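Remarks on the structure that follows.
This is a predicted model, so every value here is computed, not measured. Numbers restart at 1 for each chain; the letters A, B, ... are given by sequence-line order, proteins then strands.
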Amino acid sequence: MLLSACLRKKIPQQTMSLKRFMLRVEALKLYRNVLRQAQQLPDPTQRQDVQEWVRADFETHRHHQDEETIKRLIMQGKQQLEELEKTIKRSK
Amino acid sequence: MASLGRCVRLITRVRPSLALASIPRATTIGCLHTLNTRECTVNNKSLLPTLNKTCSVRNYSAKEPLTLDMIQQRVLLVLKLYDKISPEKLTMDSHFMQDLGLDSLDHVEVIMAMEDEFGFEIPDGDAEKLLRPADIIRYVADKEDIYD
């Protein structure tokens with residue numbers, strides 16, 4: 001699962017352009033939505049796995065600075081989130 | 001729900017002697033609260049010259065009462081249980097990112113843990129402003145209408 005997270009610094013002192021800020025907000029929303037979907041999984045080990053997987057993916061792409069890359073990764077992430085939702089719905 | 005309300009009103013208007021007859025149990029399925037019936041003694045000497053009759057009263061359960069203190073304890077407990085926060089550094093005013101060294105993904109996780117703890121959803125716009133435990137406590141108290 002390829003996801004992006006841009007400019008997640010520990011001390012956010014750098015000012016960002018509005019676009020970059022919006023992308024950051026998008027990325028965080030995506031993370032949140034994935035975690036919410038994961039909570040609907042009945043099996044706790046599966047839930048744990050999904051959470052670790054999401055976190056690892058966000059960490060791998062933390063460093064990206066190029067806006068196009070970031071947008072593309074966020075789009076891919078959203079598609080994967082939709083697939084996760086469908087899988088969960090089907091399994092119920 | 002409306003029919004249940006009418007049922008309850010009818011019963012409270014009924015005289016205690018009549019209430020000894022079988023009282024219909026609630027049939028509404030959509031009711032989220034559990035029903036308890038409580039026996040109460042009615043000291044109505046004018047109506048009932050003989051024995052003390054009892055009447056049934058319906059009670060509805062609700063969430064346990066929250067106080068500011070309890071909210072504070074619960075918030076701090078959840079934060080202490082989070083493995084990325086060291087309990088020694090945790091105070092009411094410690095900033096998640098600057099003092100405790102969390103990043104924004106951790107912040108999302110913390111806010112979701114708070115939602116689970118208190119049982120209501122925190123929208124994204126509000127969540128990004130909650131950067132200290134004191135902010136979270138104040139926010140929860142506002143949402144639950146607790147003023148003490």
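The aromatic rings of Phe58(A) and Tyr31(A) stand perpendicular to each other, their planes meeting at an angle above 60°, with 30° marking the opposite boundary.
Between Val75(B) and Glu117(B), the closest side-chain pair of non-hydrogen atoms is not below 4.5 Å.
Proximity to chain B is absent for every atom of Gln51(A), based on heavy atoms less than 4.5 angstrom apart. Only the side chain of Asp116(B) comes within contact range of chain A, judged by heavy atoms closer than 4.5 Å.
Chain A forms the most heavy-atom pairs under 4.5 Å with one residue out of Glu128(B), His95(B), Glu109(B), and that residue is Glu109(B).
Taking a cutoff of 4.0 Å between a charged side-chain nitrogen and a carboxylate oxygen, Glu83(A) and Lys86(A) do not qualify as a salt bridge. Between Lys78(A) and Glu26(A), at least one side-chain nitrogen of the basic residue sits less than 4.0 Å from a carboxylate oxygen of the acidic one, meeting the salt-bridge criterion.
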